[in-house]
Amino acid sequence: MSNADLTRRKDAATPRGVGVMCNFYADHADNAELWDIEGRRYIDFASGIAVLNTGHRHPRLVQAIEAQLKRFTHTAYQIVPYASYIELAEQINQLVPGDFPKKTALFTTGAEAVENAVKIARSATGRSALIAFSAAFHGRTLLGMALTGKVVPYKVGFGPFPADIYHAPYPDPAHGVSVANALAGLQKLFKTNVDPRRVAAIVIEPVQGEGGFNICPPDFMQALRALCSEHGILLIADEVQTGFGRTGKMFAMEHYGVAADLTAMAKGLAGGMPLSAVCGRAEVMDAPAPGGLGGTYAGNPLAVAAALEVVRLMQAGGLPARGAVQGERLRRHLEALRPRVPELADVRGLGAMVAAEFRHPADGGPHPDYTSRIQARALEKNLLLLSCGVDGNVIRFLFPLTIAEDTMSEAMDILAQVLPA
């Protein structure tokens, strides 16, 4: 079996809509390294799209999953409950920012977490309207796509989308959208499109993921919190990509000094196992009637076992702080390369959520072709990188927080070789 053989089989057996970045196939992996079926080694700066904050196959996660596997794999929590679900909910209630009683429900995917947060918000407020932001990404379901503020490739050909959803400008001073502009955009929505008394929730990523690793300014988040409180609107923090240590804190909202009413999480929660959650104010979480929340696989026991170990690793191992140190190391390295890479217009990040943006030196316009070349050249040198941004001109760096020092150094050496492209 070869990579070429599998590509022929893939093309014949699976639809083109499932886009695949790499032309090789995984055989095994360890921490920040991955080997394909032909024995080639790669450094993984994708982490399964920010899932593997604890690296590939962390020994303690493997042990926890194996122990649970010997007991039971599935009962459906709504049919026969189990203690580990409750224990994880208790842990999440303690970890999520907010000095108020909380409750947590478990699901399977990030899109499920966002959709259930919306269901809970609508049930609790008796309102229907939702506000999200330009360049946002909230999932690939119909509601997730409606909330998402990026057309290609997520929304093309899939409409019509659910109604009563509005988009406001995301604050991004580096791209001409000041905090004042963003707040004015919300006020304009309230005057021209939707009465704030009809808005159930505002959904925001503290750091936009697919949108380009745009970091929400603290003064905007604080003003948004005040605006929501003023109008009885629930604030939903989509921490699917930012949660579990990625930004140097367990949750990105810890950087802002204010708390969301509901927090959606997934990705890094269970170290590669499919699990998501919604945590929020107890009275808000209790709004849906019994049977209104759940799912056949929601809170799968194997995934819960992994998540409990992830929480222990994050706390005992200091992984958020370690990731922040590595993120700062990478940012300094990229900044040092800027003088000889005129296309490298910006280096930004929060903790281990780091990005590099590329623009044409002549006119300052987005440079997606250059970005693609960087990604392709890195892949030729066995470094996996992901792009993002509405214009496809941003490289995001999503190394595991557990990455070994020498592996990090090797990856930075590769970056120095592929920049400029």
Side-chain angles (χ1 to χ4, degrees), residues 6-7 9-26 44-52 108-115 118 130-163 165-170 172 175 177 203-205 207-214 238-242 264 266-267 274 276 353 355-360 365-379 384-398 421:
L6 279 177
T7 294
R9 290 168 58 186
K10 171 185 74 68
D11 292 345
T14 66
R16 68 189 184 110
V18 182
V20 176
M21 184 181 84
C22 297
N23 63 355
F24 58 86
Y25 298 80
D44 188 357
F45 265 38
S47 293
I49 317 180
V51 167
L52 300 166
T108 308
T109 68
E112 264 190 286
V114 171
E115 291 216 6
V118 167
L130 303 166
I131 296 174
F133 290 90
S134 57
F137 180 80
H138 297 293
R140 296 174 183 266
T141 58
L142 278 173
L143 180 60
M145 286 188 291
L147 290 167
T148 290
K150 181 178 178 180
V151 173
V152 180
Y154 304 114
K155 302 172 92 161
V156 174
F158 294 132
F161 301 108
I165 294 173
Y166 306 88
H167 285 85
Y170 191 89
D172 188 2
H175 298 91
V177 183
V203 187
I204 188 169
E205 298 164 277
V207 182
Q208 291 190 322
E210 289 291 322
F213 279 30
N214 306 312
D238 180 342
E239 294 242 27
V240 169
Q241 189 160 167
T242 55
K267 289 190 181 290
S276 65
M353 199 168 182
E357 181 170 349
F358 299 94
R359 293 185 167 271
H360 287 279
H367 205 337
D369 292 340
Y370 186 91
T371 308
S372 295
R373 290 202 300 273
I374 294 295
Q375 187 180 23
R377 286 191 62 189
L379 190 58
L384 302 183
L385 299 176
L386 298 178
S387 62
C388 62
V390 172
D391 296 306
N393 66 320
V394 179
I395 294 288
R396 49 179 160 168
F397 303 93
L398 289 167

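The nearest pair of heavy atoms linking N393 to R359 is ND2-CG, 4.1 Å. Closest of all the heavy-atom pairs between S276 and G110 is CB-N, 4.2 Å. For the residue pair P153 and F158, the shortest heavy atom distance occurs at O-CE1, 4.4 Å. Nearest heavy atoms, A355 versus F213: CB-CB, 3.6 Å. Of all non-hydrogen atoms in D172 and N214, the two that sit nearest each other are OD2-OD1, 3.6 Å. Taking both residues in full, the closest heavy atoms of A50 and Q241 are given as CB-CG, 3.7 Å, listed atom of the first, atom of the second, then distance.
Considering only heavy atoms from C-beta on, L398 stays 4.5 Å or farther from F45 through its side chain. Between I165 and L143 there is a side-chain heavy-atom pair separated by less than 4.5 Å. Here the side chains of T242 and K267 are not in contact, with every heavy-atom distance at 4.5 Å or above. By the 4.5 Å heavy-atom criterion applied to side chains, P274 and T109 are not counted as neighbours. At a threshold of 4.5 Å between non-hydrogen side-chain atoms, the residues L385 and F397 count as touching. With a 4.5 Å cut-off on side-chain heavy atoms, S387 and V394 do not count as touching.
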Subject >> side chain to side chain contact (heavy atoms under 4.5 Å, CB included) evaluation trace for E205 with Q208 >> reply: CA-CA 5 Å; E205 298 164 277; Q208 291 190 322; 3.8 Å; yes
**OP:** Output, in order, the C-alpha distance, side-chain angles, deciding distance and verdict of side chain to side chain contact (heavy atoms under 4.5 Å, CB included) for L386 and I395.
**Re:** CA-CA 6 Å; L386 298 178; I395 294 288; over 6 Å; no
**OP:** Applying side chain to side chain contact (heavy atoms under 4.5 Å, CB included), run through I131 and V203 and close with a yes or a no.
**Re:** CA-CA 6 Å; I131 296 174; V203 187; over 6 Å; no
Subject >> Full working for side chain to side chain contact (heavy atoms under 4.5 Å, CB included) between H175 and E357 >> reply: CA-CA 11 Å; H175 298 91; E357 181 170 349; 2.8 Å; yes
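Between the side chains of H138 and D238, a donor-acceptor pair is found at a separation under 3.5 Å. Side-chain contact, S372 with Q375: no donor N or O sits under 3.5 Å from an acceptor N or O.
Taking 4.0 Å as the cut-off between side-chain N and carboxylate O, E210 and R396 count as a salt-bridged pair.
Relative to the ring axis of F161, K155 places its NZ or CZ within 45° and under 6.0 Å from the centre.
How far CE of M21 is from CG of N23: 10.0 Å, rounded to the nearest 0.5 Å. Once rounded to the nearest 0.5 Å, the distance linking OG1 of T7 with NZ of K10 reads 6.0 Å. In this structure, CD1 in I204 is found 10.5 Å from CD in E239, a value given to the nearest 0.5 Å.
Other residues, nucleotides and ligands place more than 12 heavy atoms under 6.0 Å from the CG atom of L6.
Below 30°, between 30° and 60°, or above 60°: for F358 and Y370 the angle between ring planes is between 30° and 60°, a tilted geometry. Y154 and F137 have tilted rings, their planes meeting at an angle from 30° to 60° on a 0 to 90° scale.
Checked by atom type and distance alone, the side chain of T141 never pairs as donor or acceptor with a backbone atom of A111 at under 3.5 Å. Side chain of K150 to main chain of G389: a donor-acceptor pair is present (N/O by atom type, distance under 3.5 Å, no hydrogens or angles).
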